[in-house]
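Below: one structure, written as structure tokens.
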Amino acid sequence: MNNKTLSVAILSSLIACNALANDIPTQTNSSYQHELNLALGTYSDDFGDGIWDLGYRYYFSPVDITKTPYALNGILAQASNIGVQYAQMQIIDDADLYQIDATYVFDSKWFVKGMYEKDDSDSQYTTLDESQDSYHFSLGYYFNDTSEVSIYYGNARSSDNYHHTIDLNASEVGFRYQGDFDSQTDTYGVQARSFMPMQSFAGIELAGFWQYSQNDHRNATSYYDGNSEESGSYQYDSNTDRHLVHLATDFYINKSWSVGGEYSWQNFDRKTIFNHSQQSGPSRYSDDGSDSLYAINTAYWWQFSNLFTANASVAKYFDDEGDSPDGVFFRLAINARF
């Protein structure tokens, strides 16, 4: 397992950008309930690969922008909300992602969240449809005005089958192939976040999570010679257990500008059984290991009008093996709040 997998797993959390900050906003509104966002995230050394995403969120009560950094206004609002998002991803395979999520906050400061996501993938390595449906549920508590802790569970599943025939001539069937696969991942975790206002600068945000996931994957193929009975088959079954820890710290110099760092560590254990009809018995493989990923980042939020804002971020990866991307990851976004 190389660190590219780990990079993709936390891609959405790498928010950062070099800039000198001006902490005097031009916005006159002190709150908002609607937020619309259009963003691009990609690497500097491979601009053609990355993620475009478009999202909208509605808060059931106004979100105050005066008390916390602009980037954290919605996160620290502690208000019930609902959001939708569409993303187009080009990293290894092309994929379209559709997501809807909602959070309900009780008067007691307990909250529940639910999310559904459809990952419509177009793999270049298989004719099977590996599109995935995901569900995510969490239960949490706000233990002060700027801090929270929660536990969560997620499930992701995809499956497909196919039949393919190659005809030798009009009256004779050449070869027939039949295949199917099924993949399911269950994820359990706990996460926490806290923002601490400071006297000499805006504040420090601390965030982290630990999660355990288990993936079961099965891929089977049978092939037939002409109209005869099955002439061969193979089956691939794998089971992967993974632990992932992620820690992040961001220093907000003022309400617009932050600098920070992140650390991720994962440990995985994969067991595989491969059966082929032409072999005397199954082949068994095991693979386990761990890896770490570090990042430094900076971000800037420009509140340039009463309605629109721009924000940019840059992050640089480092890892123990030296196989992290050569360039930097950056994210550019236009945001409307009203």
Side-chain angles (χ1 to χ4, degrees), residues 1-11 87 89-99 114-137 152-166 173-189 210-244 266-291:
M1 171 74 62
N2 58 40
N3 284 287
K4 183 175 289 186
T5 302
L6 184 57
S7 302
V8 173
I10 63 169
L11 184 64
M89 181 169 61
Q90 294 177 311
I91 298 179
I92 299 174
D93 299 319
D94 295 341
D96 293 314
L97 291 85
Y98 309 86
Q99 178 181 305
M115 182 271 287
Y116 167 73
E117 182 179 271
K118 175 70 173 181
D119 177 356
D120 189 5
S121 299
D122 183 15
S123 176
Q124 58 183 308
Y125 301 110
T126 178
T127 58
L128 291 164
D129 181 4
E130 296 188 348
S131 298
Q132 182 171 265
D133 293 288
S134 302
Y135 302 88
H136 185 99
F137 305 96
Y152 60 89
Y153 166 75
N155 175 269
R157 183 164 187 172
S158 58
S159 61
D160 191 28
N161 59 79
Y162 73 94
H163 301 269
H164 180 62
T165 301
I166 301 176
V173 176
F175 295 94
R176 292 187 295 127
Y177 297 89
Q178 177 179 318
D180 67 87
F181 93 99
D182 183 87
S183 179
Q184 177 169 301
T185 303
D186 292 297
T187 301
Y188 308 85
W210 166 85
Q211 73 178 32
Y212 166 76
S213 62
Q214 182 180 53
N215 171 259
D216 295 303
H217 185 97
R218 176 182 180 274
N219 196 319
T221 299
S222 301
Y223 48 96
Y224 304 80
D225 183 2
N227 291 312
S228 65
E229 297 182 355
E230 179 182 298
S231 59
S233 65
Y234 67 84
Q235 180 173 315
Y236 169 92
D237 290 279
S238 71
N239 177 276
T240 304
D241 295 323
R242 177 176 283 108
H243 294 269
L244 174 62
Q266 72 169 349
N267 178 270
F268 65 94
D269 182 8
R270 181 185 299 112
K271 294 180 172 56
T272 303
I273 300 176
F274 181 78
N275 276 294
H276 196 292
S277 59
Q278 298 178 359
Q279 296 179 350
S280 58
S283 300
R284 299 177 184 271
Y285 306 93
S286 61
D287 182 23
D288 62 82
S290 62
D291 49 32

Qualifying residues under side chain to side chain donor-acceptor pair (under 3.5 Å), relative to Q211, sequence neighbours excluded: Y152
side-chain contact (heavy atoms from CB on, under 4.5 Å) partners of N155, counting only residues at least two apart: Y153, R157, Q184, D186
Contacts of type side-chain contact (heavy atoms from CB on, under 4.5 Å), residue R218, not counting sequence neighbours: D180, A220, Q235, D237
side-chain contact (heavy atoms from CB on, under 4.5 Å), paired with L97, selected from E117, K118, Q132: E117
Qualifying residues under salt bridge (Lys or Arg N to Asp or Glu O under 4.0 Å), relative to D216, sequence neighbours excluded: none
Closest heavy-atom pair and its distance - S290, F268: N-CE2, 4.3 Å
Test side chain to side chain donor-acceptor pair (under 3.5 Å) applied to D269 - qualifying residues, sequence neighbours left out: K271
H276 NE2 to S283 OG distance, which is reported to the nearest 0.5 Å: 10.0 Å
Sequence-distant partners of Y135, side chain to side chain donor-acceptor pair (under 3.5 Å), two or more places apart: none
S213: side chain to side chain donor-acceptor pair (under 3.5 Å) partners, not counting sequence neighbours: none
Counterpart residues, side-chain contact (heavy atoms from CB on, under 4.5 Å), relative to S238 (two or more places apart): H217, Y236, T272
Test ring-ring contact (aromatic ring centres under 6.0 Å, His included) applied to F137 - qualifying residues, sequence neighbours left out: none
